[in-house]
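What you see is a predicted model; the values in this text were computed from it and never measured.
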Amino acid sequence: MSPDNFYDMVYQVVRLIPAGRVTSYGAIANAIGTRGRTSRMVGYALKHAGSVHPQVPAHRVVNSQGLLTGKFHFGGSTMEQLLASEGVMVTDNKIVDFKKVFWDPATEL
DNA sequence: CACTTGACGATAG
DNA sequence: GCTATCGCCAAGT
């Protein structure tokens with residue numbers, strides 16, 4: 001791997017997210033070391049993720065509120081189904097017990 | 001090369 | 001508690 005760009009770094013971190021767990025854009029940015037300043041770039045990268053890297057669990061990445069902000073870009077309600085399959089309950093586009101399923105790359109990694 | 005946009009986050013009102 | 005605005009940075013046009 002050559003994490004020369006933010007994109008690659010984001011892909012790596014997202015791929016490290018265990019099933020049944022989720023993380024936030026800010027957390028990923030924090031893990032990379034840019035802390036929130038690149039939070040938007042993280043979402044941008046995830047958008048590319050589905051086209052560049054195979055199976056990057058972008059559905060496990062939500063915003064700081066646990067809201068499935070990117071579900072619309074993912075392809076409808078596919079995101080909820082995937083999370084539900086992993087044991088993550090999603091209600092009204094937001095993750096239930098977000099704090100319980102929250103996985104911090106900077107801490108766990 | 002300059003401007004615009006963007007899966008966000010935090011702070012202020 | 002909710003809404004509005006600013007901040008930060010990179011990629012695309």
Quiz item: Starting at CZ of A:R40 and ending at P of B:dG9, how long is that distance when rounded to a whole Å?
Solution: 10 Å
Quiz item: Just how far is it from atom CD1 of A:I28 to atom CG of A:L46, taken to the nearest 0.5 Å?
Solution: 6.0 Å
Quiz item: Which hydrophobic side chains are connected to A:V96, either touching it within the sub-4.5 Å cutoff or through other members that do?
Solution: A:M89
Quiz prompt | Pairwise side-chain contact, A:I17 with A:V22, heavy-atom cut-off 4.5 Å (strictly under) | solution = no
Quiz item: Near DNA chain C, under 4.0 Å by heavy atom, which residues of residues 41-50 of chain A?
Solution: A:M41, A:H48
Quiz item: Among all residues two or more places apart in sequence or in another chain, which pass the salt bridge (Lys or Arg N to Asp or Glu O under 4.0 Å) test with A:K71?
Solution: A:E80
Practice problem: Just jot down the side-chain hydrogen bond (donor to acceptor under 3.5 Å, both in side chains) partners of A:E108, sequence neighbours excluded, or say none. | Solution: none
Self-check item: A:I28 CD1 - B:dG9 C1' separation (whole Å)
Solution: 14 Å
Quiz item: Does A:T91 have any side-chain hydrogen bond (donor to acceptor under 3.5 Å, both in side chains) partners at least two apart in sequence or in another chain, and if so, which?
Solution: none
Quiz prompt | Sugar-phosphate, base or nothing in reach of A:F74, heavy atoms under 4.0 Å | solution = base
Practice problem: Tell me whether the OP1 or OP2 atom of C:dC9 has a side-chain N or O from A:T38 closer than 4.0 Å. | Solution: no
Quiz prompt | Pairs touching residues 75-101 of chain A that satisfy ring pair (Phe, Tyr, Trp, His ring centres under 6.0 Å), sequence neighbours left out | solution = A:F98-A:F102
Quiz item: Separation of A:F6 atom CZ from C:dC8 atom P, in whole Å?
Solution: 15 Å
Quiz item: Just how far, in rounded Å, is P of C:dA10 from CG of A:D8?
Solution: 15 Å
Exercise. Not counting sequence neighbours, which residues clear side-chain contact (heavy atoms from CB on, under 4.5 Å) with A:S85? List them please.
Key: none
Quiz item: Looking at DNA chain B, which of residues 56-63 of chain A put a heavy atom within less than 4.0 Å of it?
Solution: A:A58, A:N63
Practice problem: List for me each residue that meets side-chain contact (heavy atoms from CB on, under 4.5 Å) alongside A:A19, sequence neighbours excluded, and say none if there are none. | Solution: A:R60, A:E86
Quiz item: Given atom CG of A:L67 and atom P of B:dG9, what is their separation to the nearest angstrom?
Solution: 10 Å
Self-check item: Between B:dA7 (C1') and A:L82 (CG): distance, integer Å
Solution: 15 Å
Quiz item: Given atom OH of A:Y7 and atom P of B:dG6, what is their separation to the nearest angstrom?
Solution: 13 Å
